[in-house]
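All residue numbers refer to positions in the sequence shown, counting from 1. Whatever order the structure lists them in is the order used to number ligands and atoms, beginning at 1.
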Amino acid sequence: MTVYFCHSHSRSLKFVRHLFSVFCLLILAAPTAWSKENLQEVMKRRGLTQDDILAAAKTYTPTGGRDEFLVFASGGQSGQVIVYGIPSMRILKYIGVFTPEPWQGYGFEENSKRVLEQGRIDGRDITWGDTHHPALSETNGDYDGQYLFINDKANPRLAVIDLHDFETKQIVVSPIYQAQHGGAFVSPNTEYVMEAAQYATPLGGDYVPLDQFKEKYRGGVTYWKFDREKGRLDPAQSFSIELPPYSQDLSDFGKLASDGWSFTNSFCTELYVGGIEKGRQPFEAGCSAKDTDYMHVINWRKAEALYKAGKVTKVKGHPVITMETAVKEGILFLIPEPKSPHGVDVTPDGKFITVSGKLDGHTFVYSFEKIQAAIAKKEFVETDPYGIPILDMKKVLQTQVDLGLGPLHTQYDSVDGVAYTSLYVDSMVARWNYRTGKLIDRIPVHYNIGHLMTMHGDTVKPRGKYLVALNKLAIDRFNPVGPLHPQNHQLIDITDSNKMTLLYDMPLPLGEPHYAVAIEANLVKPVMNYKAGTDSRTGTISPHKTMAGSERIERKGKKVEVWATVIRSHITPEIIEVEEDDEVTIHLTSLERAQDIVHGFTVNKYNVHASIEPGETTTVKFKADKPGVYPYYCTEFCSALHLEMQGYFLVKPKVKKDKK
Ligand code: RUQ
Ligand code: CUA
């Protein structure tokens with residue numbers, strides 16, 4: 001009001017105008033309830049410290065600003081992937097992977113249903129997944145921004161997400177495992193994606209009584225061939241190695257110095273099968289009776305050659321290199337490792353392998369060079385019950401570091417030798433040097449950290465800068481939302497070589513994000529729209545691509561097929577009339593070219609939904625089994641006339657033949 005008054009009345013003399021502006025300034029400067037707070041006042045009102053302000057300045061991203069890194073986090077039990085930015089910690093996307101996701105139409109239109117159907121097991125739809133470890137495709141050991149892989153622990157599956165549009169393109173099912181955890185890990189040029197069994201079962205899953213555990217139950221690792229040209233895993237070129245019924249846990253591929261090798265650790269080498277209800281000790285005791293478990297050291301390049309030479313047996317049609325062959329050919333070795341280990345993480349130069357034992361206070365650093373020397377000299381202390389040679393731990397160990405309680409996973413820094421290890425029991429992150437074996441710094445996290453992740457932290461070229469602690473418990477960190485708490489991802493600044501600083505707490509309310517990977521944002525170059533008529537799930541031009549003017553409805557017997565288009569702000573056709581029990585197929589093509597103009601499509605009450613991105617062609621299908629009138633409409637607020645982007649789907653009742 002004041003400003004308006006001043007402007008409208010300051011048009012006369014120059015002098016008067018001047019006076020007026022001075023007067024206006026005085027009025028505006030006068031403190032009122034609406035006046036602008038300064039930084040000190042805000043800090044006081046909100047109880048913020050200097051350090052809080054610094055943390056805010058390091059993470060705050062003004063409107064339109066971009067993040068330096070993109071994180072792909074597992075969505076845990078949601079069966080999805082979560083994408084967020086660093087340093088802002090703003091969530092950018094959820095990607096439906098093993099689970100239907102309505103916003104993207106994932107599982108509610110035909111093109112994506114075909115992807116989810118690949119994940120069927122024994123003819124059963126499995127519409128949830130326990131996603132654990134995302135892995136980015138690599139070229140020469142560093143992320144290339146092209147593909148993302150993620151495993152499903154509960155139902156041994158692996159999925160491929162194409163980062164050219166952030167969509168899931170493929171799901172493969174392990175033909176031989178019943179459980180799976182040690183995946184996804186990629187070889188330095190993404191030739192293979194690795195997946196290890198977790199809970200031992202008979203390979204192929206047939207019934208065998210538990211008293212034959214030692215003889216008939218097995219573990220294993222699978223090397224899924226990735227066809228980069230096609231952007232798909234190729235089951236016909238993939239193979240596995242049979243392993244003892246130890247619970248194989250996490251894995252890692254060697255790189256640079258250790259390229260061509262892979263490492264998989266295990267727990268429960270006690271071969272314990274449980275039975276608390278029968279008066280036996282529980283699993284957790286039976287599986288941690290011994291002081292050490294085994295890391296499996298595998299020459300995968302030689303394994304690949306054996307597979308190509310046909311030295312395999314087939315289990316459910318899938319080629320498996322038996323333990324016998326693996327031992328005879330010298331591609332499989334064991335190394336004792338600290339009790340109940342979890343993570344196994346190869347250093348950026350590929351020369352060392354760190355392993356942490358959940359129940360041992362130590363993190364062990366093994367030397368790849370020493371491992372090779374011991375193998376070359378056949379310095380084995382003994383063989384395990386399956387005849388696999390065991391290397392002498394003392395001979396291959398580089399150093400052993402006491403970092404704190406419950407060490408789990410390790411990631412690396414851009415600074416040579418510097419590593420970070422999560423301490424589950426202590427709720428801390430330890431910074432240490434794997435060359436010197438010295439602890440540098442520790443920072444508390446909230447609470448009970450599982451994985452941690454640094455920028456490109458598992459590649460040959462870590463970028464340093466930030467670390468994210470993926471904490472299992474949030475407890476008191478956020479507003480209470482009931483007994484099920486969100487997870488807490490904490491962003492930590494690691495640029496200061498003396499001290500790590502906590503910058504930000506981000507609740508993730510979707511599932512338990514086990515692992516995450518972060519890539520320089522400028523390495524990911526997604527498209528903004530599709531070539532006209534693209535089936536996004538196959539990447540090819542759909543045979544149902546429909547251009548303006550060629551929309552039509554065709555009937556063949558009980559089948560009604562519609563070729564429709566969507567563009568601001570109409571769906572063509574606008575009236576579709578069918579008869580009761582007709583099978584209805586509606587192909588939808590978006591004629592849009594503009595960025596971010598997406599149309600959604602649903603026919604009310606028929607449980608179909610599509611998100612039709614610019615240029616995309618997709619299909620919904622259903623049986624019109626109930627006569628009536630069903631509006632259909634665009635579900636995205638795409639224009640001022642979005643609400644008018646509608647149509648009528650009419651189902652005429654059958655003429656009852658027995659009555660007149
Ligand atoms: S898990 S908290 Cu990687 Cu599946 Cu370690
Ligand atoms: Cu198209 Cu709303």
Quiz item: Do you know how many protein N, O or S atoms are within a distance smaller than 2.8 Å of atom 2 (Cu) of ligand 2?
Solution: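 Protein N, O or S neighbours of atom 2 (Cu) of ligand 2 under 2.8 Å, waters not counted, come to 4.
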Should the pair [X]-[Y] be classified as a salt bridge under the 4.0 Å nitrogen-to-oxygen rule?
X: Arg157; Y: Asp152; result: yes
X: Arg442; Y: Asp426; result: yes
X: Lys358; Y: Asp293; result: no

Quiz item: When rounded to the nearest 0.5 angstrom, what distance separates OG1 in Thr292 from CD1 in Ile335?
Solution: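 If I round to the nearest 0.5 Å, the distance is 12.0 Å.
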Near [X] [atom1], under 6.0 Å, is it more than 12 heavy atoms from other residues, nucleotides or ligands?
X: Tyr648; atom1: OH; answer: no
X: Asp596; atom1: CG; answer: no
X: Lys93; atom1: NZ; answer: yes

Quiz item: In terms of atom number and element, which parts of ligand 1 are under 4.0 angstrom from non-hydrogen atoms of Leu250?
Solution: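 Reading through ligand 1 atom by atom, the close ones are 3 (Cu).
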Quiz prompt | Protein heavy atom at shortest distance from atom 1 (S) of ligand 1 | solution =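 That would be His342 NE2, 3.3 Å.
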Self-check item: Metal-centred angle, atom 3 (Cu) of ligand 1 as apex - NE2 of His451, NE2 of His133, 10° resolution
Solution: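 Reported to 10°, the angle equals 100°.
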Quiz item: Should one rank His514, His409, Glu512 by closest heavy-atom distance to atom 2 (S) of ligand 1, which comes out on top?
Solution: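 When every heavy atom of His514, His409, Glu512 is considered, His409 comes closest to atom 2 (S) of ligand 1.
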Practice problem: Record the part of His181 in heavy-atom contact with ligand 1 below 4.0 Å; permitted values are side chain, backbone, both and neither. | Solution: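 Near ligand 1, His181 shows its side chain, while the N, CA, C and O stay back.
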Exercise. Check whether any N, O or S atom of His132 sits under 2.8 Å from atom 3 (Cu) of ligand 1.
Key: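 Under 2.8 Å: His132 has no N, O or S contact with atom 3 (Cu) of ligand 1.
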Exercise. List the steps, then state whether side-chain hydrogen bond (donor to acceptor under 3.5 Å, both in side chains) holds for Thr354 with Tyr412.
Key: CA-CA 11 Å; Thr354 59; Tyr412 300 96; 3.0 Å; yes
Quiz item: Should Lys472 be listed as contacting ligand 1, given a heavy-atom distance under 4.0 Å as the test?
Solution: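 The answer is yes, since Lys472 has a heavy atom less than 4.0 Å from ligand 1.
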Exercise. Give the minimum heavy-atom separation between Ala516 and Val71, together with the two atoms involved.
Key: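 Heavy atoms only, the tightest pair is CB-CG1, 3.8 Å.
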